There are 2 protein chains.
Amino acid sequence: MAEAEAIDIDLEIIVQGAHGRSKPELRLWLRMLSTTKLISQEIRRRLRAEFGATLPQFDLMAQLYREKDGLRLGELSKRTMVTNGNVTGLVERLEADGYVQRVTPDGDRRVTVAKLTEAGVILFAAMAAAHEGWLQDMMADIDPHAVTALWSEIGTVKTSANNHLAAAFE
Amino acid sequence: MAEAEAIDIDLEIIVQGAHGRSKPELRLWLRMLSTTKLISQEIRRRLRAEFGATLPQFDLMAQLYREKDGLRLGELSKRTMVTNGNVTGLVERLEADGYVQRVTPDGDRRVTVAKLTEAGVILFAAMAAAHEGWLQDMMADIDPHAVTALWSEIGTVKTSANNHLAAAFE
DNA sequence: TGGCGACCTTTGACATTTCAAATATCTGCT
DNA sequence: AGCAGATATTTGAAATGTCAAAGGTCGCCA
């Protein structure tokens, strides 16, 4: 299958107009976006193939995994960067599958707390181990120093972006 | 509104187990993912607010913009990294809005070629200009040298990932 | 010339996504 | 007590996303 050649074409050919050259910020963004998309899709494929799970489910379970007491849906929403309405459905399906359980605490009946079931803990532990391995595999060709350096540099990107969001004009 | 504080919590708190420390590759991945998500969402908000358009529509139009003769849907699918089935609907809606036109070439009736209409060209040009500005804004706090360096380093990430995809075992 | 296999797009079933509006519940103030 | 405003979640509509299967069309070869 001529699947591989498709991969190099990619999003990076976006915008940068007929004129040709585009601003470095735009180039960087397009490369970040296409790289992230590429890796995400690979992870999604493998999660599906090996565990029958989706990436959003994995993300959600990851948050619950490190909070044994569970999380309110609003907290889950913030941490997964997913809207409230979306969390509702995600949790619903995970509950139907028996990996997550919903509880309403006594104190406040507006609140719903989601936590992993035992089956959920077991499944997630397996997925997390595989997931980490996949990443090491996919990043195997990168100089280890570069990995750390990149982590740090991308931190500045994130900070900068955070400081220039239109929404949060408090 | 306590919107800003949510942003720093984020995906990065994924996985890395109860044990704490996680592999550098995983940390890098989580940071790339959360940063990309953050910026994507901001762009989506602004596209919607200022142009009533969605990000996938923008992406698709970007591809068509630089190919005046249009693209076959399969090509569009590869370049936007979106599945075939998805492209069908995307193009359908853009056609309904009058920004894209579908044509079946004489030679091969299996093929559908999509191209921007005049209205599409005009709209996209405006969006692209704004889009580039938003990115420069969001990346304003980054050292310009770092922007270029990052672009290059992320290239190695992309290459490495590409070389370790499970799918393309040709 | 008939048909098989390859190629291109659409369709259908689901899951995820966002936004906005609707529900429920709680809190504090009068 | 009682209600206004703040909080928390759900719902509903529309778009996007995947995958697998189905539909056409084409090319080639026996």
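Every chain is numbered from 1 and lettered A, B, ... according to where its sequence line falls, protein lines coming before strand lines. Predicted model only: the values in this text are computed from it and were never measured.
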Between NZ on residue B/Lys37 and CE on residue A/Met81, distance to nearest 0.5 Å: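 So the NZ of B/Lys37 and the CE of A/Met81 are separated by 6.5 Å.
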CE-OG1 distance between B/Met32 and A/Thr35, expressed to the nearest 0.5 angstrom: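 Rounded to the nearest 0.5 Å, the CE-OG1 separation comes out at 5.0 Å.
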Hey, does the side chain of [X] come within less than 4.0 Å of [N]'s phosphate (OP1/OP2), counting only N and O?
X	N	result
A/Arg102	D/dA8	no
A/Gln57	C/dA15	no
B/Arg72	C/dC8	yes

salt_bridge(A/Glu42, A/Arg45) N-O dist < 4.0 Å: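 Answer for the salt bridge query: yes.
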Name the nucleic acid region contacted by [X], choosing base, sugar-phosphate or nothing; use a 4.0 angstrom heavy-atom cut-off, strictly under.
X	answer
B/Leu90	sugar-phosphate
B/Gly85	base
B/Asp108	sugar-phosphate
B/Thr83	base
B/Thr88	base

Whole-Å distance separating the [atom1] atom of [X] from the [atom2] atom of [N]:
X	N	atom1	atom2	value
A/Gln41	C/dA15	CD	P	19 Å
A/Leu73	C/dA24	CG	P	17 Å
A/Leu76	D/dT10	CG	C1'	15 Å
B/Arg48	D/dA15	CZ	C1'	10 Å
A/Glu92	C/dT17	CD	C1'	15 Å
B/Leu47	C/dC19	CG	P	12 Å
A/Asp97	C/dC14	CG	P	14 Å
A/Asn84	C/dA24	CG	P	17 Å

Earlier contact from the 5' end, DNA chain D, for B/Val82 and A/Val111: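 Its nearest nucleotide lies further toward 5', so the answer is A/Val111.
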Residue closer to the 5' end of DNA chain D, B/Thr54 versus A/Asn86 (nearest nucleotide):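 Going by which nucleotide is closer to the 5' end, it is A/Asn86.
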Base of D/dT7 paired with side chain of A/Arg110 (donor-acceptor, under 3.5 Å):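 Answer is yes: a donor-acceptor pair is held.
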Minimum-distance nucleotide (side-chain atoms of A/Arg109 versus C/dC26, C/dC19, D/dG17):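 Output: C/dC26.
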Pair B/Asp59-B/Thr80, side-chain hydrogen bond (donor to acceptor under 3.5 Å, both in side chains): steps then yes or no: CA-CA 7 Å; B/Asp59 282 358; B/Thr80 55; over 6 Å; no
Check: B/Tyr99 ring centroid to B/Phe124 ring centroid under 6.0 Å: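 Judged by ring-centre distance (under 6.0 Å), B/Tyr99 and B/Phe124 do not meet the cut-off.
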